[in-house]
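Remarks on the structure that follows.
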Amino acid sequence: MKCSSLALAAALLATAFPAAAAVDPAPVVAAERAFAADGLAMGVRDSFLKHSAPEGIVLTPDPTLAKAAFEKPAPKGPDLVWWPLWAGIARSADLGFTTGPYTLGGKPAAWYFTVWAKQPDGSWKWLFDGGPPSDTTGAAPKDSPVAYARLAARQAGSPAKAMTEVSRAESALAAAARKDVKGAYLAHIAPDARVVGSKAKPPVDRAGLEAELDTRPQVILFSPLGGSASAAGDLAWTYGAAHWTTAEGQDRRGHYVRIWRNDAEGWRLLYDQLLAVPPPKTS
């Protein structure tokens, strides 16, 4: 009886905290670098279409399928150069992300963020591409080593179950953000989370993260629009709409994009970016 109980406990523990598998974000990093190389050689339009999944989206400024956003032929344009500095992957090695700085026409620009999914044929295609206007000052140069986010501690067992759980976490965050945005985030972020969206440098520690949250409105209304989870149910990405009122009383809107990781204490935000839609031009 005791042996049976120990065996059951061991099985449950293995489900909650799977042994470290031989998986790391190297394939996702390789896909990003191939995408970047094609971007330099082919130009934005052709490279983005080549590397996007059929359901891949960009913000223009609202979520738009990449194949529609880049439907019309366009000139190659100035050189767009980007490189990954931080990456993560699911334990099932089918969902991941990278982020890093980019330059445009040889001049420092901002940071990109890409969500990647492994396709049935084994290739990697991106599901989302678009990043914050973060300052690139001091960012490591091209071809620098890439830092890896740690793997999830738990797995839901299926994408459907994972998305159900993540949806509950998103609902809780959204409800709290109607009263206190900073408090809502601090209750849901992972210890190694990265939160971006302002023009400041991406935070590298807790103090920087809290300073970044201080740049956000005190109250935001979040509405989910989509996302997906890994086969293991340990990593998920989501995106949605955001509405808020500025201190001057102006109505503003934008979109969030997030990475959720299934940690030992439950689903936690690993990455969050809030991208504001530019206000309409006044004549």
Side-chain angles (χ1 to χ4, degrees), residues 16 59 61 63 86 88 97 99 110-111 113 115 128 130-135 147 149-150 152-154 156 162-227 229 233-279:
L59 299 176
W86 188 54
F97 67 89
T99 185
W111 285 64
F113 175 69
V115 180
F128 171 82
S134 304
D135 184 2
R150 64 178 173 82
R154 300 176 62 88
M163 290 307 294
T164 296
E165 295 173 353
V166 168
S167 293
R168 284 200 292 263
E170 290 236 325
S171 294
L173 189 154
R178 289 174 176 267
K179 298 179 180 179
D180 175 15
V181 165
K182 185 175 182 179
Y185 274 95
L186 292 180
H188 287 83
I189 59 173
D192 53 339
R194 301 196 179 188
V195 177
V196 294
S198 75
K199 293 183 179 180
K201 296 179 184 179
V204 296
D205 54 25
R206 177 72 174 211
L209 186 148
E210 292 198 27
E212 175 67 29
L213 288 173
D214 285 336
T215 69
R216 297 191 172 184
Q218 293 183 354
V219 173
I220 302 177
L221 304 182
F222 290 121
S223 303
L225 293 175
D234 65 327
L235 200 72
W237 83 284
T238 62
Y239 69 97
H243 292 82
W244 63 91
T245 302
T246 67
E248 296 75 27
Q250 299 174 326
D251 290 332
R252 295 295 304 276
R253 70 183 187 94
H255 299 89
Y256 67 83
V257 183
R258 299 169 179 154
I259 296 290
W260 290 87
R261 185 179 61 198
N262 203 352
D263 286 351
E265 61 273 28
W267 286 95
R268 292 292 181 266
L269 271 176
L270 179 59
Y271 179 89
D272 179 278
Q273 66 178 15
L274 180 64
L275 306 177
V277 172

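Summarising the geometry, atom OH belonging to Y185 is positioned 7.5 Å from atom CG belonging to L213; distances are rounded to the nearest 0.5 Å. Between the OG1 atom of T238 and the CD atom of E170 there is a distance of 3.5 Å, given to the nearest 0.5 Å.
R168 pairs by the side chain to side chain contact (heavy atoms under 4.5 Å, CB included) definition with T164, E165, not counting sequence neighbours. Scored by the salt bridge (Lys or Arg N to Asp or Glu O under 4.0 Å) test, K201 finds no partners at all (sequence neighbours excluded). Residues satisfying the ring pair (Phe, Tyr, Trp, His ring centres under 6.0 Å) criterion with F128, sequence neighbours excluded, are absent altogether.
V196 approaches S134 most closely through the heavy-atom pair CB-OG, 4.1 Å. Scanning both residues, A184 and A176, for their nearest heavy atoms gives CB-CB, 3.5 Å. The two residues H255 and P63 make their nearest non-hydrogen contact at NE2-CD, 3.4 Å. Closest of all the heavy-atom pairs between R150 and P191 is NH2-CD, 4.2 Å. For the pair P217 and I220, the tightest heavy-atom approach, listed with the atom from each and the gap, is CD-CD1, 3.9 Å. P202 and W111 make their closest contact through CG-CE2, 3.6 Å (heavy atoms, listed as atom of the first residue, atom of the second, distance).
In this structure, the side chains of S198 and E212 come closer than 4.5 Å at one or more pairs of heavy atoms. Under the 4.5 Å side-chain criterion, counting only non-hydrogen atoms from C-beta, P279 is in contact with R252. Proximity of R268 to I189: side-chain heavy atoms (C-beta onward) are nowhere separated by under 4.5 Å. Side-chain contact between L269 and L173: present, with at least one pair of heavy atoms (C-beta onward) separated by less than 4.5 Å. No side-chain heavy atom of S167 sits under 4.5 Å from any side-chain heavy atom of W267. Looking at heavy atoms from C-beta onward, R216 lies in side-chain contact with L274 at the 4.5 angstrom threshold. Between K182 and D214, the closest side-chain pair of non-hydrogen atoms falls below 4.5 Å. The shortest side-chain heavy-atom distance between V257 and F113 falls under the 4.5 Å cut-off.
With 3.5 Å as the limit, one finds no donor-acceptor pair spanning the side chains of Q250 and T245. Residues Y239 and Q273 have side chains that never bring a donor and an acceptor to within less than 3.5 angstrom of each other.
Aromatic ring centres of Y271 and W260: separated by at least 6.0 Å.
A cation-pi arrangement is not found for R178 relative to F222, the charged atom failing to lie both closer than 6.0 Å to the ring centre and inside a 45° cone about the ring normal.
Electrostatic pairing of R154 and D263 does not count as a salt bridge here, judged by no charged N lying under 4.0 Å from a carboxylate O. Checked for salt-bridge contact, D192 and R261 meet the test: a charged N lies under 4.0 Å from a carboxylate O. With salt bridges taken as basic N to acidic carboxylate O contacts below 4.0 Å, one links R258 and D272.
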Go through the steps to decide whether I259 and V115 satisfy the test side-chain contact (heavy atoms from CB on, under 4.5 Å), and finish with yes or no. CA-CA 9 Å; I259 296 290; V115 180; 4.3 Å; yes
Residue pair W244, D251: steps toward the side-chain contact (heavy atoms from CB on, under 4.5 Å) verdict: CA-CA 6 Å; W244 63 91; D251 290 332; over 6 Å; no
Could you go step by step and tell me if L275 and L59 meet the side-chain contact (heavy atoms from CB on, under 4.5 Å) rule? CA-CA 9 Å; L275 306 177; L59 299 176; 3.6 Å; yes
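Within 6.0 Å of CD in E210 there are more than 12 heavy atoms belonging to other residues, nucleotides or ligands.
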